[in-house]
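Notes follow the structure.
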Amino acid sequence: MNDNSVTFSVYAEGESVPHPAQFQLELRCGDGTAAQARLTMQGNDSLTVPHRVAGQTCAVWAGTGGNAVLGNEVQITVSGEEGVIARSVLYPEGGTEVVSSDFYVPQGKLEIDVRHEFTEGSLGTRVRVMEWNLWGGGRSAGGQENVEHIIEVIRRENPDVLFTIETYASGEKILEGINEGLPENLRYNGIKVTNQAAHQPNDDNLWIFTRYPVVKQYPIISHSGLMSGFHFGGIKIRLPDGQEVNLFNTWLYHDGWAWDAVNQTVGEITYGIPRTYTNAEIVATDLQPRRMQMIRKILYENYPRLITGDASPIIMAGDFNTLSAEDWSLRFADAPGHEGLVLQWPVTTLIQEEGFTDTYRWANPDAARYPGSTWSPYSGYGMAPGRIDYIWTKGQEIRVLGSYTVDEKLPEHQDSTVPFYSDHAAVVTDLMIRNSNSLPGGPKPVDHFVPWFQMKATSTSQHVGYEASKAIDGNRETMWHTEWAPHEPLPQSIILDLGSVYPVTGLDYQTRTDFKPDGIVTEYNIYGSVDGENFFKIEDGVWEHDYSPKRADFQGTDVRFIRLEATQGSGNAASAAEIKVRYQP
């Protein structure tokens with residue numbers, strides 16, 4: 001077997017998997033088949049074969065043999081030695097074959113994984129989502145005529161959900177324009193998210209337009225001197241099959257201008273000019289202005305407060321004014337316009353750590369081939385890719401079918417004197433939003449956490465600056481630590497007041513994230529109490545001595561207070577970056 005090989009694997013799940021099931025997979029390049037496998041399913045199967053098409057553009061063909069049929073949903077994932085190269089989610093709808101999106105075949109080992117889901121009945125709803133920063137209400141690139149052109153673009157893209165930023169007194173005009181001539185069942189609702197009096201009539205930044213019924217508009221949660229409805233807010237919609245979805249529009253503070261520092265640095269490296277910024281100084285552009293504070297409030301307070309106890313999927317879109325940590329990872333250091341830079345962008349890292357999917361990068365995992373720049377088709381893309389606009393999703397029901405940017409004018413608008421309609425490109429993502437009841441085995445359990453902002457924490461020991469409250473502040477970069485000057489040995493405890501009685505089912509423990517050796521809890525007891533005075537043991541156990549997140553599960557018990565007692569820990573000390581308490585609504 002030479003180094004260039006492909007491993008085909010197939011897996012089937014669901015209510016009606018045919019047995020025996022036989023699936024045929026092929027790696028197709030141009031007009032020929034480079035490799036193939038015929039796999040018989042009794043759970044899962046795989047086969048490795050050589051290929052000679054490294055450096056070519058290919059696709060995966062999946063069909064059936066014998067008496068088998070394709071699954072109702074087919075997911076194809078192609079991976080190389082450096083990671084995922086291509087993904088496709090396909091719905092044969094009675095067809096006998098599907099073909100993935102194309103991809104560039106690298107040198108080395110290739111893996112092609114095909115998963116079939118067999119489900120009875122309707123799967124869900126296809127939803128097209130569009131996000132666009134319009135720049136000054138759409139007028140900055142050409143006045144009212146440009147607004148009319150923007151409306152024509154939106155109508156051409158035909159989104160089911162549209163998020164606009166910098167809508168600025170154009171919302172009603174856009175709503176009227178995109179609804180013109182539409183039948184009643186396809187007409188949009190227009191929701192002004194930035195609805196506070198201070199932003200009327202000309203600073204109504206955020207709007208959401210949707211064809212689906214709006215069942216709730218969430219109240220604005222403001223933070224004095226930091227953010228308001230100008231920056232974040234949302235609604236809940238109901239799809240035709242009854243599945244509900246939460247929609248949030250977002251604008252993060254622009255100062256610090258992350259892309260500018262990257263673009264300048266790439267230019268300096270390209271032309272051999274001494275660098276102005278170090279890598280640390282570049283990513284610090286996320287930390288110095290309000291951007292990092294805002295995303296922490298959004299992720300750890302605003303949206304959790306608004307949807308407490310609601311397991312509906314989430315779409316969060318907008319202009320985040322920063323770059324993707326995934327795009328600027330080591331894997332893509334040599335991508336065009338990267339010049340070897342590896343930048344761990346903290347804002348987008350935080351969003352992904354909270355379980356959100358970057359839909360553009362999920363659908364286009366090769367950042368070298370698909371940079372996806374949204375800044376700036378008006379003034380020129382510069383030396384470095386500038387992907388600062390995103391459509392994020394969260395929830396087991398959501399499938400990403402495809403995503404692309406809109407950064408060229410329609411042919412009928414090409415004679416205009418301006419290069420594009422806005423200083424931002426638009427992002428469009430196609431989704432299948434599965435009905436939670438159609439998922440294999442029904443809705444999967446979803447973790448519900450007691451909101452951190454309503455909890456209080458005390459401890460039997462703490463060092464100044466490392467108080468117990470730091471373990472429940474929604475910030476992994478702070479922590480609780482037992483006293484070390486003078487050293488107070490274990491056992492020591494941290495006590496959480498949950499704010500009210502909850503049927504608790506578990507506790508999640510995040511070790512310190514500065515990766516120093518002391519304070520990793522390795523043996524523990526967990527106690528519960530209703531009154532804060534009389535505690536009873538719920539659980540005890542052992543955690544691995546490493547920096548990975550830890551978890552303790554237990555039967556639902558009604559308590560208001562939880563005490564985590566550290567009986568053993570590295571350095572005979574205890575610490576915690578974050579502690580979360582799970583409950584069953």
Side-chain angles (χ1 to χ4, degrees), residues 6-28 33 35-49 58-79 84-103 110-128 239-243 245 313 357 359 362-365 393 395-403 429-445:
V6 54
T7 298
F8 295 97
S9 61
V10 66
Y11 179 81
E13 64 175 345
E15 304 161 352
S16 53
V17 179
H19 292 287
Q22 192 174 80
F23 300 96
Q24 185 170 333
L25 306 178
E26 296 182 8
L27 176 63
R28 292 185 173 181
T33 297
Q36 60 184 322
R38 186 179 293 272
L39 303 176
T40 301
M41 283 296 306
Q42 295 295 336
N44 60 69
D45 198 3
S46 65
L47 177 69
T48 300
V49 295
C58 304
V60 177
W61 177 92
T64 63
N67 62 350
V69 295
L70 295 176
N72 308 79
E73 178 180 275
V74 181
Q75 296 194 30
I76 300 175
T77 305
V78 183
S79 302
V84 175
I85 299 168
R87 298 184 180 97
S88 298
V89 181
L90 304 160
Y91 296 90
E93 297 177 352
T96 59
E97 62 181 23
V98 291
V99 180
S100 75
S101 59
D102 64 19
F103 53 90
L110 194 68
E111 294 184 0
I112 296 175
D113 179 71
V114 181
R115 303 178 69 89
H116 295 259
E117 181 190 317
F118 293 86
T119 301
E120 302 292 343
S122 175
L123 292 176
T125 305
R126 292 176 183 260
V127 177
R128 171 163 286 189
L239 303 181
D241 63 359
Q243 176 67 50
V245 183
T357 296
T359 61
W362 194 97
N364 306 285
T393 60
Q396 60 187 341
E397 298 87 352
I398 295 183
R399 310 287 191 265
V400 180
L401 307 184
S403 187
T429 294
D430 288 313
L431 304 173
M432 166 66 86
I433 301 182
R434 299 284 302 272
N435 188 289
S436 59
N437 294 317
S438 77
L439 298 172
K444 296 177 175 62

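Atom CZ of Arg434 sits about 4.5 Å away from atom CG of Leu123, to the nearest 0.5 Å. Rounded to the nearest 0.5 angstrom, Ser101 OG and Arg87 CZ are separated by 10.5 Å. For the atom pair Asn72 CG and Glu120 CD, the distance stands at 7.0 Å (nearest 0.5 Å). Distance CD/Gln243 to CG/Asn435: 5.0 Å, rounded to 0.5 Å. Summarising the geometry, atom OG1 belonging to Thr7 is positioned 8.0 Å from atom CG belonging to Leu47; distances are rounded to the nearest 0.5 Å. Remark: Thr48 OG1 to Leu110 CG distance equals 10.5 Å, nearest 0.5 Å.
Here the closest non-hydrogen pair linking Ile85 and Ser79 is CD1-C, 3.9 Å. Nearest heavy-atom pair across Ala86 and Phe103 is CB-CB, 3.8 Å. Of all the heavy atoms in Ser403 and Ala363, the pair that sits closest is N-CB, 3.7 Å. Considering every non-hydrogen atom in both Met432 and Leu401, the closest pair reads N-CG, 3.8 Å. Minimum heavy-atom separation, Ala35 to Phe8: O-CZ, 3.7 Å. Among all heavy-atom pairs drawn from Gly14 and Pro440, the shortest one is CA-CB, 4.5 Å.
Applying the side-chain hydrogen bond (donor to acceptor under 3.5 Å, both in side chains) rule to Asn364 yields no partners; only residues at least two apart in sequence or on another chain are considered. Residues passing the salt bridge (Lys or Arg N to Asp or Glu O under 4.0 Å) test with Arg115: none are found, sequence neighbours excluded. For Thr357, the side-chain contact (heavy atoms from CB on, under 4.5 Å) test picks out Trp362, Thr393, with sequence neighbours left out.
Side-chain atoms of Ser88 do not come within 3.5 Å of backbone N or O of Ser100 as any donor-acceptor pair.
Using a 4.5 Å heavy-atom cutoff, the side chains of Trp61 and Gln24 are in contact. Using a 4.5 Å cut-off on side-chain heavy atoms (C-beta onward), Tyr91 and Glu73 make contact. Looking only at side-chain heavy atoms (C-beta outward), Val400 and Leu431 come within less than 4.5 Å of each other. Residues Glu117 and Gln75 have side chains not in contact (no heavy-atom distance under 4.5 Å, counting atoms from C-beta outward). Proximity of Arg126 to Arg128: side-chain heavy atoms (C-beta onward) are nowhere separated by under 4.5 Å. In this structure, the side chains of Val114 and Phe23 stay at 4.5 Å or more apart for every pair of heavy atoms.
Side-chain atoms of Ser9 and Ser46 include no donor-acceptor pair closer than 3.5 Å.
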Under the side chain to side chain contact (heavy atoms under 4.5 Å, CB included) criterion, do Leu70 and Thr96 qualify, and how do the steps go?
CA-CA 6 Å; Leu70 295 176; Thr96 59; 5.5 Å; no
Give the intermediate values and the outcome of side chain to side chain contact (heavy atoms under 4.5 Å, CB included) for residues Arg28 and Val99.
CA-CA 9 Å; Arg28 292 185 173 181; Val99 180; 5.5 Å; no
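Here the rule is side chain to side chain contact (heavy atoms under 4.5 Å, CB included) with His116, and of Val69, Thr64, Val74 only Val74 fits it.
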